[in-house]
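Note sheet for the following structure.
Everything numeric in this text was worked out from a predicted model, so none of it was measured.
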Amino acid sequence: MKSSHLSVSRLSSRITVPVVALALAGLAATGCAPSTSDNSSKEDEKSGKLRVWLFQEVNNAPKKKVIDAAVAGFEKEHDGTDVEVTYIPIDTRAQKIKAAFNDPKSAPDVIEFGNTDTAGYVKDGGLLDISKEFGAWVDSTNIDPTAKYSLTIGGKVYGAPLFVGVRALYYRTDVFKELDLEPPTTQDELIATAKKIRSERPDLYGLAVGGAYTYGAMPFIWANGGDLADEKGKFGSNEYAAAIDSADAQKGVKAYTSLFGNDNCPAAKCAQWGGNDTVEAFASGKAGMAIGGDFNRQAVEAGKVKGKFKVVPLPGVKKGDIAPAFAGGNNLGVLKSTSHRTIAVDLLKTFAGKQTQRELYDAMGFLPTFTDVRGDISHKDAFVKPFVKTLNDSAKFVPTSPGWAAIDAQLVLPTMFQEIVSGRKSVPAATQDAAKKMDEAFEQ
């Protein structure tokens, strides 16, 4: 197993892509807000009311309990400070946050947001540059570089990561035993295993895949040496050119789309599926394998395959390699309009700190962004090990460009996959068309 500390150079000038709730649950990126005027406050009050907006989870009570405890500790250490936490719906967060950027008087001091939203929010002038405070934060040295990268725009840091999520390969232990199969160790073995399951058990999809499941497709592109986009200029410039039509990216697209057919997952059914559909197919006992996240654990264990599945890292092209996977998750940031900069940053560090992240894992299953804390957790919980290994070995992130939100919203990549699996376009034609649309979005 490689070092748990991903070197920044491994992110290099080659960048990557996705498309979920987080979609974390996989977080789908949202459209950017209109540009705002400079709302930065000249005040830095050391006490008073701090307003916080966090995401409302499906089962929010455990999250609220952790946050309430963190708030109580913070208020005890900061005399005269009152923290007011509001939980906002994830689906309508874009509208609320846009409004907050344009109305400082009603805006919160600290917000939670999807890590793919960062670049757009920075472009809109809503987030505070806390590079100095982040650099002086002792705990920040243990934050994995991919998580920090999601917050770094133009060399400046605009917040702190709250949790991270990543995908790996779920497989049915009962089906593998019945068919005398071993977990695949290469991409070719994965594809062959999927088709063998379908051949021997025609009532099952071998590997559940989806034409709209971009996060599930990206590892195939990255494992073959391809990428979504190349960063132009020096590293950290945050300017990109599409690379989805490169020869290596096309190899990955071809590998993923080869899984759509009657010999695995029929295109007529699977072309429209997103990530949740593939996980549901697995959880309901209709698939031998699926690419799912650590955050899908509860859904799978609540299904028909409870006690009959295991997880391994998604294999790469070569034996022993792990296919790179998108590191989704949520971040915390301080709004530029805050009149409580110092204590707002202190509160952010309390929420994003090791103790709170550890407690959020215990309460919600959110994977910490600190490599040392993740290591402790993986020693105690075998389920987490494949996800932690994937994060430590080969995590990737989307282009940190405001254009990414448009690419996501326009369904550029799902459309590309669906055009290929339906037979409407060849791999070269579909990837070239997608690249043109991506470049248009990057250039706007």
Side-chain angles (χ1 to χ4, degrees), residues 6-16 29-30 32-44 97-98 100-101 104 107-162 164 229-240 327 329-349 351-353 369-370 395-405 442 444:
L6 275 171
S7 67
V8 174
S9 63
R10 289 182 56 193
L11 295 173
S12 72
S13 62
R14 301 282 305 196
I15 297 304
T16 50
T30 60
C32 298
S35 295
T36 59
S37 57
D38 185 0
N39 290 326
S40 26
S41 173
K42 302 295 188 291
E43 301 176 73
D44 185 12
I97 292 175
K98 285 178 186 179
F101 288 170
D109 299 276
V110 178
I111 60 169
E112 178 179 357
F113 54 94
N115 60 9
T116 58
D117 293 333
T118 308
Y121 290 167
V122 171
K123 176 178 179 290
D124 296 331
L127 296 179
L128 185 67
D129 170 10
I130 63 165
S131 303
K132 184 177 179 180
E133 293 93 336
F134 189 90
W137 185 22
V138 175
D139 286 354
S140 70
T141 58
N142 293 128
I143 292 175
D144 78 58
T146 311
K148 182 181 177 182
Y149 185 85
S150 77
L151 287 156
T152 306
I153 309 295
K156 298 177 181 179
V157 180
Y158 290 89
L162 180 62
V164 67
D230 289 330
E231 192 165 4
K232 299 193 294 185
K234 64 179 183 179
F235 181 68
S237 68
N238 304 110
E239 296 181 2
Y240 299 89
N330 287 5
N331 296 332
L332 294 172
V334 175
L335 265 65
K336 190 182 287 187
S337 58
T338 183
S339 60
H340 299 85
R341 176 181 181 128
T342 299
I343 57 174
V345 173
D346 284 349
L347 181 61
L348 176 147
K349 290 190 289 186
F351 286 160
T369 62
F370 296 98
K396 292 243 185 188
F397 194 64
V398 301
T400 51
S401 161
W404 178 252
F442 288 138
Q444 286 179 0

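Inspection of the Tyr240 and Thr400 side chains reveals an N or O donor paired with an N or O acceptor under 3.5 Å.
The distance from the OG atom of Ser339 to the NZ atom of Lys42 is 12.5 Å, given to the nearest 0.5 Å. To the nearest 0.5 angstrom, Ser401 atom OG is 10.0 Å from Glu231 atom CD. One finds the CG atom of Leu151 at 9.0 Å from the CG atom of Leu332 (value rounded to the nearest 0.5 Å). Note that CG of Asp117 and CD1 of Ile97 are 7.0 Å apart. Values are rounded to the nearest 0.5 Å.
Formation of a donor-acceptor pair under 3.5 Å by the Thr141 side chain with backbone atoms of Val138 is found in this model. Ser140 places a side-chain N or O within 3.5 Å of a backbone atom of Phe134 that can act as its donor or acceptor partner. Judged purely by atom type and a 3.5 angstrom limit, Asp144 uses its side chain to pair as donor or acceptor with the backbone of Thr146. Under the 3.5 Å distance criterion, the side-chain polar atoms of Asn115 are matched with a main-chain donor or acceptor of Ala327.
Across all non-hydrogen atoms, the minimal contact from Val157 to Lys148 is CG2-CE, 4.1 Å. Listed here is the closest heavy atom pair of Leu127 and Lys336: O-CE, 3.7 Å. Closest non-hydrogen pair, Ile143 versus Pro161, comes out as CG2-CG, 3.7 Å. The minimum heavy-atom distance between Leu162 and Ala352, with the atom names listed, is CD1-CA, 4.4 Å. Nearest heavy atom pair, residue Asp44 against residue Arg341, reads OD1-N, 3.0 Å. Taking every heavy atom of both residues into account, Trp137 and Ala160 meet most closely at CZ3-CB, 4.0 Å.
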The test is side chain to side chain contact (heavy atoms under 4.5 Å, CB included); show your working for Asp109 and Val334 and say whether it passes. CA-CA 6 Å; Asp109 299 276; Val334 175; 5.5 Å; no

Could you please spell out the steps behind the side chain to side chain contact (heavy atoms under 4.5 Å, CB included) verdict for Phe113 and Asn330? CA-CA 6 Å; Phe113 54 94; Asn330 287 5; over 6 Å; no

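In summary, the aromatic rings of Phe101 and Tyr121 are positioned with their centroids under 6.0 Å apart.
Not counting sequence neighbours, Lys132 has no partner by the side-chain contact (heavy atoms from CB on, under 4.5 Å) test. Evaluation of the side-chain contact (heavy atoms from CB on, under 4.5 Å) rule for Asp346 yields Phe74, His78, Thr342, Lys349 as partners, not counting sequence neighbours. Residues satisfying the side-chain contact (heavy atoms from CB on, under 4.5 Å) test with Ile130, not counting sequence neighbours, are Leu128, Glu133, Val345, Leu348. Every side-chain hydrogen bond (donor to acceptor under 3.5 Å, both in side chains) that Ser150 has, sequence neighbours left out, goes to Asn331.
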